[in-house]
Amino acid sequence: MLSVHSLPRIEPDPQHGWQVVYWLGEAFDYDIPFRAALAEMVEVLEMEAPARVELPPRSSDEDFVEGSLVFGEFRLKTYFEYSLGYLALMSGDRDALEMVTEKLLPMVSVRSV
């Protein structure tokens, strides 16, 4: 289960295309397990098609971590920022992002405030 602060929704990406943001924790919480969250996403997606995540090696002072989530023929950009506590999936292909978001939705649990 992926615990988030608010239900993820697709919105324009300020850089290009579209993004869906998963608010995983509080700003500057360096214990947010975003790599584990991405691994859980891959487990769910692998039920439908081959999936994997591509990230740089972990570093002790990592922040602003960019990578990719590959699902079947689709490659989504990933971005995690400890400074804000969020994980974003991005794509220029809104349909691909909608499909991945829909497949991940059953694993999302919104924390009550």
Side-chain angles (χ1 to χ4, degrees):
M1 194 58 63
L2 190 62
S3 181
V4 297
H5 289 295
S6 62
L7 196 60
R9 63 177 193 182
I10 296 173
E11 54 193 30
D13 177 359
Q15 303 299 316
H16 166 70
W18 304 94
Q19 70 177 356
V20 60
V21 174
Y22 296 85
W23 293 96
L24 300 178
E26 300 300 322
F28 298 104
D29 177 355
Y30 290 93
D31 292 325
I32 297 171
F34 82 94
R35 289 174 183 268
L38 282 166
E40 287 181 50
M41 290 176 172
V42 165
E43 284 181 28
V44 169
L45 294 171
E46 281 184 326
M47 291 185 228
E48 297 281 331
R52 70 182 184 280
V53 77
E54 299 170 351
L55 294 172
R58 181 184 314 247
S59 71
S60 60
D61 62 344
E62 70 182 1
D63 201 356
F64 315 108
V65 181
E66 295 183 13
S68 296
L69 174 66
V70 180
F71 173 59
E73 64 188 68
F74 304 110
R75 177 177 292 271
L76 308 178
K77 181 178 173 188
T78 65
Y79 177 79
F80 179 77
E81 187 172 331
Y82 282 110
S83 303
L84 295 176
Y86 77 89
L87 170 66
L89 304 180
M90 297 160 279
S91 178
D93 183 344
R94 184 181 173 113
D95 292 337
L97 192 57
E98 283 179 358
M99 181 182 58
V100 168
T101 302
E102 181 180 311
K103 292 188 182 312
L104 296 176
L105 197 55
M107 73 177 289
V108 173
S109 170
V110 178
R111 288 183 282 245
S112 48
V113 181

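In this chain, residues are counted from 1 in sequence order.
Heavy atoms only, all atoms of each residue included: P8 and V108 are closest at CD-CG1, 3.8 Å. Taking every heavy atom of both residues into account, A88 and Q19 meet most closely at CB-OE1, 4.2 Å. Taking each heavy atom of L84 and W23 in turn, the nearest pair found is O-CZ3, 3.4 Å. Looking at every heavy atom in both residues, F71 comes nearest to L45 through CE1-O, 3.2 Å. Taking both residues in full, the closest heavy atoms of S83 and A27 are given as O-CB, 3.2 Å, listed atom of the first, atom of the second, then distance.
Considering only heavy atoms from C-beta on, Y22 comes within 4.5 Å of L89 through its side chain. Counting only heavy atoms from C-beta outward, the side chains of D63 and Y30 approach each other to under 4.5 Å.
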- Checking side chain to side chain contact (heavy atoms under 4.5 Å, CB included) for the pair M107/M41: CA distance, chi angles, key distance, verdict? CA-CA 8 Å; M107 73 177 289; M41 290 176 172; 4.2 Å; yes
- Verify side chain to side chain contact (heavy atoms under 4.5 Å, CB included) between L7 and L105, making sure each step is shown before the conclusion. CA-CA 9 Å; L7 196 60; L105 197 55; 3.8 Å; yes
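L38 CG to L87 CG: the interatomic distance, rounded to the nearest 0.5 Å, is 5.0 Å.
Linking ILVMFWY residues whenever their side-chain heavy atoms come closer than 4.5 Å, directly or via other members, leaves V53 and M90 in distinct clusters. Y79 and F28 are not part of a single hydrophobic cluster, where members link through side-chain heavy atoms under 4.5 Å apart. The cluster map of Ile, Leu, Val, Met, Phe, Trp and Tyr, joined by side-chain heavy atoms under 4.5 Å apart, puts L55 and L104 in the same cluster. Linking Ile, Leu, Val, Met, Phe, Trp and Tyr residues whenever their side-chain heavy atoms come within less than 4.5 Å places L97 and M99 in a single cluster. In terms of hydrophobic clustering, with Ile, Leu, Val, Met, Phe, Trp and Tyr side chains grouped at heavy-atom distances under 4.5 Å, F64 and Y86 are assigned to a common cluster.
Listed for the S91 side chain is no donor-acceptor partner under 3.5 Å among the backbone atoms of L76. Between the side chain of E66 and the backbone N or O of K77 there is no donor-acceptor pair closer than 3.5 Å.
By the side chain to side chain contact (heavy atoms under 4.5 Å, CB included) test, A37 is found to be paired with L2, L24, residues two or more places apart in sequence or in another chain being considered. In this view, R75 and E54, S68 satisfy the side chain to side chain donor-acceptor pair (under 3.5 Å) rule, not counting sequence neighbours. Looking at residues two or more places apart in sequence or on another chain, you find a ring-ring contact (aromatic ring centres under 6.0 Å, His included) between F80 and F34, Y82. With sequence neighbours excluded, the residues forming a salt bridge (Lys or Arg N to Asp or Glu O under 4.0 Å) with K103 are E48, listed by chain and number. Not a single side chain to side chain donor-acceptor pair (under 3.5 Å) links S6 to another residue, sequence neighbours left out.
Residue pairs meeting the salt bridge (charged side-chain N to carboxylate O under 4.0 Å, His left out) criterion with at least one member in residues 7-36, sequence neighbours excluded: R9-E11, R35-E62.
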